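Report on the structure given below.
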Amino acid sequence: MTVAVVGGGISGLVVAQQLRTDGKAVVLLEADSRLGGNVHTRARDGFLLEAGPNSFLDREVVTRRLTTALGITGRIRAADVGAKNRYVYTRGQLRAVPGSPPAFLKSDVLPWSAKLRVMAELFTPSRPNAEDESLAQFGRRHLGRTATRVLLDAVQTGIFAGDVETLSVEAAFPALVKLERAHRSLILGAIRSRGAKQKALPSGASEPLLSGALSTFDGGLQVLIDALSTALGDVARTNAQVLALVPMPNGWKLIVREKGETSELLASQVVLAVPAHVAAELLDPIDDTLADAVGSIPYAPMVVVNLGFAPGTTPVPDGFGFLVPSEEKRALLGAIHTSTTFPFRAPPGHVLYTCMMGGARQPERASQDVDSLAALAREELRALAGVTATPVLTDVVRWPRGIPQYNVGHLARMAAVDALVARWPGLHLTGNAYRGVGLNDCIVHGCELAEQLATH
Ligand SMILES: Cc1cc2nc3c(=O)[nH]c(=O)nc-3n(C[C@H](O)[C@H](O)[C@H](O)COP(=O)(O)OP(=O)(O)OC[C@H]3O[C@@H](n4cnc5c(N)ncnc54)[C@H](O)[C@@H]3O)c2cc1C
């Protein structure tokens with residue numbers, strides 16, 4: 001019998017495509033009129049605008065295998081060399097984030113006292129207990145208060161748009177906790193890991209060569225969605241909203257509203273690849289404990305404002321972009337210098353900024369009207385980056401549930417969710433709410449789940 005995948009974002013698409021490749025009967029049901037979920041590239045006035053994610057790191061072998069299977073590896077475009085530098089807005093101006101220990105010593109991103117405190121990280125004592133702690137608590141133990149408020153806050157803002165005081169370090173940044181457990185000090189761990197990586201080179205010849213670079217595709221991230229959509233053909237059904245799930249003796253019945261008609265679909269397995277609140281609504285009639293656990297995963301709303309400028313009206317900004325720590329109390333979370341990073345995403349000579357607002361810091365932004373959000377983004381760019389020109393393109397996208405927040409307690413909640421899901425044969429959850437919000441995470445977990453289902 002068929003596997004039904006509910007949700008046609010990157011997570012659901014990957015599960016369905018992998019199952020199809022393995023010759024399994026699969027159907028994907030997507031409520032919206034288009035596939036892709038958060039991933040949505042649009043061409044406007046010569047600009048390539050991303051409504052959601054802008055890039056992925058080309059360092060995940062599973063993602064590379066997927067692009068190779070889809071025939072789109074040749075369309076991957078790495079960030080331009082001009083995007084090498086990154087900036088943080090701190091103490092009233094944009095300051096470059098140093099890329100090496102000597103550069104860190106020379107840099108003005110932190111005051112001297114804070115830099116000395118970061119260097120003292122080498123002497124961080126071992127952690128007495130393994131209880132979940134916030135990113136801020138972890139940061140203060142290792143790097144001190146100022147580096148936590150400026151640098152760690154900026155880093156998490158760029159990924160979670162969250163709150164450094166509430167995000168769980170282990171759920172949101174597991175690599176940091178692994179480094180601590182293995183080496184006690186993060187600096188020591190980073191030095192040793194770099195040495196180990198160099199010794200391990202060259203890597204296995206059968207694996208594709210990964211650039212490690214921040215990347216997209218020549219037509220934006222939509223290229224990946226379109227390739228998955230083509231590979232799935234009529235297996236992927238849009239305008240098909242799953243209204244209810246009913247457990248059956250040998251599987252599941254799905255009630256689907258498709259193009260105005262309501263119908264039933266029988267499946268041996270169901271994969272819920274929908275946002276957590278939708279999964280909770282579907283699960284509530286059959287298991288309210290599971291529904292409560294899934295539905296209590298919070299989301300940070302996001303606002304994305306793309307601003308395009310005509311040639312010569314504003315300087316070409318250096319680097320990938322900048323992030324703004326919450327202590328600055330600004331509306332802007334950060335901005336990507338999109339035309340510097342991926343020059344083909346703007347017409348020649350034009351400058352494209354992608355501004356992010358909202359997040360856990362200012363959730364109310366996502367319910368603000370688009371004109372006032374556009375005006376606010378322009379005002380913030382003027383104040384923080386000195387951009388005074390009038391844009392020739394303005395595009396505002398609001399995500400009321402933008403990015404799931406892995407707050408302290410997330411891993412315990414996930415363990416409970418796993419145990420509860422295991423009581424329902426043939427039910428599976430995947431997607432960005434659970435074990436990683438990045439595109440690479442969604443692809444890795446989608447592939448893992450498909451493999452598990454294929455061997456069922
Ligand atoms: C503004 C923003 C910027 C980001 N930037 C980056 C970045 O630069 N790099 C990066 O790696 N990640 C980034 N992310 C994160 C990444 O984009 C997401 O984590 C990922 O795309 C989520 O994919 P998903 O398939 O798990 O969920 P979604 O994309 O949310 O897909 C879920 C799908 O389920 C569908 N659905 C809902 N209800 C039903 C129903 N009842 N029946 C059927 N279908 C239903 C929805 O319509 C949707 O298509 C960003 C996210 C946002 C919002």
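These numbers come from a predicted model, not from an experiment. Numbering of ligands and ligand atoms starts at 1, following listing order.
Interface atoms of ligand 1 facing Ala240, defined by a heavy-atom separation under 4.0 Å, are 43 (C). Close contacts of ligand 1 with Gly431, meaning ligand atoms under 4.0 Å from a residue heavy atom, involve 26 (O). Per-residue contacts place Val6 under 4.0 angstrom from the following atoms of ligand 1 (heavy atoms of the residue considered): 42 (N), 43 (C). Residue Gly52 approaches ligand 1 through these ligand atoms, each under 4.0 Å from one of its heavy atoms: 1 (C), 2 (C), 3 (C), 4 (C). Atoms of ligand 1 found under 4.0 Å from any heavy atom of Leu29, numbered from 1 in the order shown, are 43 (C), 44 (N).
Nearest protein neighbour of atom 49 (O) of ligand 1, counting heavy atoms only, is Glu30 OE1, 2.6 Å. Protein heavy atom nearest atom 31 (O) of ligand 1, with residue, atom name and distance: Gly9 CA, 3.4 Å. In terms of protein heavy-atom proximity, atom 4 (C) of ligand 1 is closest to Pro53 CA, 3.5 Å. Residue, atom and distance of the protein heavy atom nearest to atom 34 (O) of ligand 1 are Gly7 CA, 3.4 Å. Ranking the protein heavy atoms by distance from atom 32 (C) of ligand 1 puts Ala273 O, 3.5 Å first. Nearest to atom 41 (N) of ligand 1 among the protein's heavy atoms is Val242 O, 3.0 Å. Looking at atom 38 (N) of ligand 1, its nearest protein heavy atom turns out to be Val278 CG1, 3.4 Å.
Ring to ring, Phe217 and Phe56 are close: their centroids are under 6.0 angstrom apart. In this structure, Phe320 has its ring center no closer than 6.0 Å to that of His337.
Distance alone, capped at 3.5 Å, is enough to place a donor-acceptor pair between the Thr455 side chain and the Glu451 backbone. Remark: the backbone N or O of His428 is not paired with any side-chain donor or acceptor of Gln269 at under 3.5 angstrom. Checked by atom type and distance alone, the side chain of Ser268 pairs as donor or acceptor with a backbone atom of Thr2 at under 3.5 Å.
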- Applying side chain to side chain donor-acceptor pair (under 3.5 Å), run through Thr394 and Arg378 and close with a yes or a no. CA-CA 10 Å; Thr394 302; Arg378 283 181 61 184; over 6 Å; no
- Item | Residues Asp441, Arg435; criterion salt bridge (Lys or Arg N to Asp or Glu O under 4.0 Å); working and verdict | CA-CA 7 Å; Asp441 301 311; Arg435 293 191 166 82; over 6 Å; no
- Taking it one step at a time, do Phe47 and His350 satisfy ring pair (Phe, Tyr, Trp, His ring centres under 6.0 Å)? CA-CA 9 Å; Phe47 292 91; His350 287 65; 5.6 Å; yes
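Relative to atom 25 (O) of ligand 1, the option among Pro275, Gly8, Ser11 with the closest non-hydrogen atom is Ser11. Relative to atom 9 (N) of ligand 1, the option among Gly402, Ser55, Gly438, Ala433 with the closest non-hydrogen atom is Ser55. Among Leu13, Asn54, Asn38, the residue whose heavy atom lies nearest to atom 29 (O) of ligand 1 is Asn38. Of the candidates Thr238, Val15, Val274, Val256, the one placing a heavy atom closest to atom 45 (C) of ligand 1 is Val274. Across the listed options Val437, Val304, Asn440, Val437 owns the non-hydrogen atom lying nearest to atom 19 (O) of ligand 1.
Taking distance alone, with nitrogen or oxygen atoms compared against 3.5 Å, Ala31 approaches ligand 1 more closely than that limit. Between Ile10 and ligand 1, at least one pair of N/O atoms sits closer than 3.5 Å. Considering backbone and side-chain atoms alike, Asn432 places an N or O below 3.5 Å from some N or O of ligand 1. Among the atoms of Phe56, none of the N or O lies under 3.5 angstrom from an N or O of ligand 1. For a threshold of 3.5 Å applied to N or O pairs, the pair formed by Leu439 and ligand 1 contains at least one separation below that value.
Judged by distance alone, the side chains of Arg345 and Thr216 never bring a donor and an acceptor atom under 3.5 Å apart. Residues Asn306 and Thr354 bring a donor and an acceptor atom of their side chains to less than 3.5 Å of each other. Between the side chains of Gln368 and Arg365, at least one donor N or O lies within less than 3.5 Å of an accepting N or O.
Screening residues 290-299 for side chain to side chain donor-acceptor pair (under 3.5 Å), with sequence neighbours left out, gives Ser296-Arg413.
By the neighbour-count criterion of 12 heavy atoms within 6.0 Å, atom CD of Glu364 is densely surrounded, having more than that number from other residues, nucleotides or ligands. At most 12 heavy atoms of other shown residues, nucleotides or ligands fall within 6.0 angstrom of atom CZ in Arg257.
Put simply, no part of Pro404 is less than 4.0 Å from ligand 1, judged by heavy atoms.
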